[in-house]
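These notes are about the structure you will find just below.
In what follows, residues are counted from 1 in the order of the sequence shown. In each ligand, atom 1 is the first atom listed, and ligand 1 is the first ligand listed.
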Amino acid sequence: MTRSTAGEGPGWLRTRGRYVAPLLIREFPREVPFGFLGGLCPTSESLEVLVEAHPIGSGRALELLHGARAVAEAELAHGGDGDGRSAQLHAERESAQELGHQVARREQELWRVGVRFAAVASSEGQAERVRTGLERRLAALGFRTRVPRYSVREALAPPGPTGSEARPAGYWQTLQTDGLAAFYPFVDETVLEPGGVLVGLLLQDAAPVFLDRWSHPSHSWGIFGATGSGKTFATALTVLRTRWLRPETGIVLLDPLGEFGGFVQALGGTVLAFGAQSEVRLNPLDPISTGGDRAEKAGRVGAILRTLFPSLRDEESAALDAAVSRLYDRGPEIPVFSDLLAEVSRGPATERLEALLEPFRSGSLRRVNGPTSVNVDTNVVSVDFRGIPEDHLPFHLAYVLDWAYGRLRDRPGPKLLVIDEAHLLVRHGATAEFLDRIVRHVRHFQGGVVVLSQHPDDFLLHASGRSLLGNLRATFLLRLTHVAPDVQVFFGLTDAEVEWIPRARLPREAGYSEGLLRLGDLHLPIALVASTPEYEFLVRVLASDPTSNGPHPAPPAPPL
Ligand SMILES: Nc1ncnc2c1ncn2[C@@H]1O[C@H](COP(=O)(O)OP(=O)(O)O)[C@@H](O)[C@H]1O
Ligand SMILES: [Mg+2]
């Protein structure tokens, strides 16, 4: 055998002083994880990947599928070959048939895809080692590979325009659109943002993903997932890790279910409980939330009140707005609800409106009628809304949001505003608009919002909800009960992603939570994983039964 002198061995080629060792795929696994290539090709090793794809016309595609089905049927007619084989033949027949339907309906295409890996190194031995490592990683994902021995040149020849060149076995593959899509996106280094927090591990190869929210124009994230998918846990973990890097980060949590109380206390923060027995009051009419801007405050009060009375008639709406604007024009410096009621009764006759507002004087809302009773001076604060009747919840969330916004604006340093059960706000046009504005504006004072919700669907109802979603730097889609077609379109999800998201594993199944992390066009299936000290701390302080919070352990120290 002529070795390196000839520049070519049975399994490698030497060109321009480098040894190139190709590797082809003999068989694909039944399921190819999205973006698997990124994880196969660590940046520390020199690997080349070539993927060329040529569409196969639908007529020819149907012929191919028909042929595949006929082969499976013929073999089945001869009894298959043992149970396992016959199950596989059934599956092949079924999938050829199903794919045939999809191709006929133009939902999928078939592609002639050339796939070639090549290890590149400065010595033959090193090239072999890199290729062996790659073979091992591919095998772990269920691929079967082959080294094109004695046909290295054909394997490494550059691609032609039509995909009709002769290539060694294993070079050409027939893939449907979804399978081809799995080759993208290539994971790039932008998911290792310097100075960022660890948000999770890629499902395909456990590569860590670090995100630095402060390095992007929008500091805001969204986390969506069914109950039990891990939203609360992921949020607390993010807060913890964010404060390790920047301990001065201020945190405000709107916590309708009261799950974060123990966590906030363990961080030395304040929990404002709004429940039935509580004496705590934030005066919704206090113009401090707009820094004393009374006209701006009047507009917000209008939006806040509409959460209680979504069905005001036009003339009632006009009378209410007029009363609110008189209140801030010439009312007391810090008005309370009795002042607003007095203004309303001074306006044109609006009996129904007065009746609607009566609960602020004598009924279930009288507790908010009065000046603010607390002065929160800790850097971490949560508002617990447990015990508030469901139909009043959007109202309370709305004015607390207004208060929180003022706080974010007035305090220095980085800040996060967490809004759990955010659908309660986005279902109302007026509060959806306010929330959208907050997401767009908080970055001007180093603020980021984290919205948590069970369904992204709710956010697509209003233009402002869509704008809000569009302004999130990172979106986590944990297990969703379903992915509605407009959600698929809005987030640009592939059919395979739509199918996977409702099957993403729950923490109670996997011990961590799975989901799709969306960063612009980059879609990464990810596992949200806590270290043992983080996990032990969080399960003790986060209430799955929010009424039972034990003593508060200290948060774990940052890893060195
Ligand atoms: N990443 C995770 N690792 C380990 N356990 C988790 C993780 N995420 C959630 N859990 C556990 O799963 C359960 C549900 O999580 P939770 O955050 O309350 O879900 P959600 O807020 O979406 O309803 C909790 O008991 C929590 O401790
Ligand atoms: Mg929760």
Is a salt bridge present between [X] and [Y], judged by a nitrogen-to-oxygen distance below 4.0 Å?
X: E534; Y: R241; answer: yes
X: D255; Y: R386; answer: no
X: R473; Y: E193; answer: yes
X: K231; Y: E259; answer: no

Can you name the atoms of ligand 1, numbered from 1 with element, that are less than 4.0 Å from a heavy atom of [X]?
X: S513; answer: 1 (N)
X: Y512; answer: 1 (N), 2 (C), 3 (N)
X: Y535; answer: 4 (C), 5 (N)

Given side-chain hydrogen bond (donor to acceptor under 3.5 Å, both in side chains), test S362 with E358 step by step and report yes or no. CA-CA 6 Å; S362 56; E358 188 51 32; 2.9 Å; yes

Using ring-ring contact (aromatic ring centres under 6.0 Å, His included) as the criterion, point out the one residue from F233, W221, F224 that pairs with F476. W221

Derivation and outcome, salt bridge (Lys or Arg N to Asp or Glu O under 4.0 Å), residues R540 and E536: CA-CA 6 Å; R540 281 180 65 189; E536 286 177 349; over 6 Å; no

N/O to N/O below 3.5 Å, does that happen between [X] and ligand 1?
X: K231; answer: yes
X: A234; answer: no
X: V529; answer: no
X: V539; answer: no

Scan side-chain atoms only and decide if S467 and D436 contain a donor-acceptor pair under the 3.5 Å cut-off. yes

Proximity winner for atom 4 (C) of ligand 1, if only heavy atoms of G511, A510, S453, P507 are counted: G511

Under 4.0 angstrom from ligand 1, any heavy atom of S229? yes

Out of curiosity, is A226 lining ligand 1, as in a heavy atom under 4.0 Å away? yes

Have a look at ligand 1 and work out which part of T232, if any, has a heavy atom under 4.0 Å from it: side chain, backbone, both or neither. both

Has T227 got an N/O/S atom less than 2.8 Å from the Mg ion (ligand 2)? no

